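Lettering follows sequence order; numbering is per chain, from 1. If you're wondering where the values come from, they're calculated on a predicted model, not measured in any experiment.
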Number of protein chains: 2
Amino acid sequence: MAAEDDTALGDTVERFSQARSAQSQALLEDYTEMIDDLLREVGEARITDIARHMGVTHPTATKAVSRLKREGLAQSRPYRGVFLTEAGLAMAERVRARHRVVVDLLVAVGVPAEAAELDAEGIEHYVSDTTLAAFEAFLAARR
Amino acid sequence: MAAEDDTALGDTVERFSQARSAQSQALLEDYTEMIDDLLREVGEARITDIARHMGVTHPTATKAVSRLKREGLAQSRPYRGVFLTEAGLAMAERVRARHRVVVDLLVAVGVPAEAAELDAEGIEHYVSDTTLAAFEAFLAARR
DNA sequence: ACAAAAGTGTAGCCATGGCTTCATTTTCGC
DNA sequence: GCGAAAATGAAGCCATGGCTACACTTTTGT
Ligand SMILES: [Mn+2]
Ligand SMILES: [Mn+2]
Ligand SMILES: [Mn+2]
Ligand SMILES: [Mn+2]
């Protein structure tokens, strides 16, 4: 029979596939959350503001918003701002909550606040529902 | 003076920039670790094996190895396997250690082993040295 | 030894996510 | 109200990381 793996080479495909799939969602999640932040705190989400906060040029932000629209997460009218659909709002809500839990957990295990803020921006997209639930339980227990 | 941010809109640019930069390293890190795993456990790292374990087609693996060679992490001769340079070996070592610490930390805070394995594959690439040190301290303390 | 199977290389396609450049439109200040 | 400044849109470039298709080489089995 084919040599099955003994050590590190176990079911690697599913692991990498899942990571790649999460990665393809990351940009959508960050833009959605950013747009929602702007709508809440500034009242509108203009392309220029989105671009400035994301640290990209405005054509890059325009492309990202196009993708959001294509995926049914946002709407926009030329020279008016960008808005979120119901689905977009739901995603923003979920993403914001998860982001906060990730930062809190990092801080709870001893990560300095500054590093926690920076690292959470990348980590959050790979935290599954199962892991998120475990983080919440850990935080609740140690409260 | 320009309205500084009150809430979620703080230094977002650095956060997102750092996350993007980490992302561009992720693929390199995973292939390097995988090649090292194969060299250790199988004795050679052929393109086909790399591809199969990464869950991609062989031309995709070939492209990735090309990038590794370009970045000075690997070498290869046609129809012979792929090898790691000193720099590649060092990266593999570092990445493997970090991967293990991330899995261990997830399990330590209550994440089920299965989910920890899956999520760590993505999370690891966004764990900074500072955060890694905090994870290690946490694990050492609770040992 | 040689045919078949397996592995490898190469070319070329697509989507994503960056960018610059330039035209157009809107907004703002006076 | 109008001219300048700012914002937006649109086109097109590049690198990355997937893929398929096909040709060529190497290994394997009989
Ligand atoms: Mn993020
Ligand atoms: Mn976030
Ligand atoms: Mn990984
Ligand atoms: Mn890994």
Side-chain angles (χ1 to χ4, degrees), chain A residues 2-3 12-32 34-35 38 42-71 73-83 121-122 125, chain B residues 2-3 12-32 34-35 38 42-71 73-83 121-122 125:
Chain A
T12 57
V13 173
E14 183 183 354
R15 235 166 59 208
F16 289 116
S17 296
Q18 174 163 314
R20 278 196 300 269
S21 145
Q23 189 184 6
S24 84
Q25 280 288 109
L27 188 128
L28 252 24
E29 294 179 345
D30 282 334
Y31 271 90
T32 299
M34 171 58 67
I35 289 166
L38 288 167
V42 184
E44 61 178 357
R46 292 143 72 218
I47 286 289
T48 296
D49 297 331
I50 296 170
R52 188 175 56 248
H53 284 92
M54 296 297 298
V56 299
T57 59
H58 85 265
T60 297
T62 298
K63 265 195 193 177
V65 169
S66 294
R67 191 175 159 211
L68 289 184
K69 292 197 282 187
R70 176 157 39 90
E71 309 253 351
L73 296 167
Q75 291 180 329
S76 80
R77 297 193 318 281
Y79 291 94
R80 316 303 275 186
V82 178
F83 307 92
E121 197 58 74
H125 308 285
Chain B
T12 58
V13 173
E14 184 184 354
R15 235 166 60 209
F16 290 116
S17 297
Q18 174 164 314
R20 279 195 299 269
S21 144
Q23 189 184 6
S24 83
Q25 281 286 109
L27 187 126
L28 251 25
E29 295 178 343
D30 282 334
Y31 271 90
T32 299
M34 171 59 68
I35 289 166
L38 288 168
V42 184
E44 61 178 357
R46 291 142 72 219
I47 287 288
T48 297
D49 297 331
I50 297 170
R52 188 175 58 248
H53 284 93
M54 297 297 298
V56 298
T57 59
H58 84 264
T60 296
T62 298
K63 265 196 195 177
V65 169
S66 294
R67 193 174 158 212
L68 290 185
K69 292 198 282 187
R70 177 158 39 91
E71 309 253 352
L73 296 167
Q75 292 179 328
S76 80
R77 298 194 317 283
Y79 291 93
R80 315 303 276 189
V82 178
F83 306 92
E121 197 58 73
H125 307 285

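Whole-Å rounding puts the A/D49 CG to C/dT27 C1' distance at 14 Å. The interatomic distance linking B/R46 (CZ) with C/dA6 (P) rounds to 11 Å, in whole Å. Distance, A/L38 CG to D/dA7 P: 13 Å, rounded to whole Å. The interatomic distance linking B/R80 (CZ) with D/dT27 (P) rounds to 7 Å, in whole Å. At whole-Å resolution of the value, CD1 in B/I47 and C1' in D/dT25 are 15 Å apart.
Atom CD of A/Q75 has 12 or fewer neighbouring heavy atoms from other residues, nucleotides or ligands inside a 6.0 Å radius.
Side chain of A/S66 to main chain of A/T62: a donor-acceptor pair is present (N/O by atom type, distance under 3.5 Å, no hydrogens or angles). Panel note: side chain A/R20, backbone B/G55; a donor-acceptor pair is recorded below 3.5 Å.
Take B/R52 and apply the side-chain hydrogen bond (donor to acceptor under 3.5 Å, both in side chains) test, not counting sequence neighbours, and it matches B/D49.
Counting atom types as modelled, B/Y79 pairs no side-chain N or O with a base atom of C/dG9 as donor and acceptor under 3.5 Å.
Here B/R70 lies in heavy-atom contact (under 4.0 Å) with sugar-phosphate atoms only.
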Detail all sub-3.5 Å separations between protein N/O atoms and N/O atoms belonging to nucleotides 17-21 of chain C.
from, atom 1, to, atom 2, distance (Å)
C/dG17, OP1, A/R67, NH1, 2.9
C/dG17, OP2, A/R67, NH1, 2.6
C/dG17, N7, A/K63, NZ, 3.3
C/dG18, O6, A/K63, NZ, 2.5
C/dC19, OP2, A/T57, N, 2.9
C/dC19, OP2, A/T57, OG1, 3.0
C/dC19, OP2, A/T60, OG1, 2.9

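A distance of 12.5 Å separates CD1 in A/I35 from NE2 in A/H53, rounded to the nearest 0.5 Å. Atoms CG and CE, from A/D30 and A/M54 in turn, are 5.0 Å apart once rounded to the nearest 0.5 Å.
For B/T62 and C/dT10, the shortest distance from a side-chain N or O to OP1 or OP2 is not below 4.0 Å.
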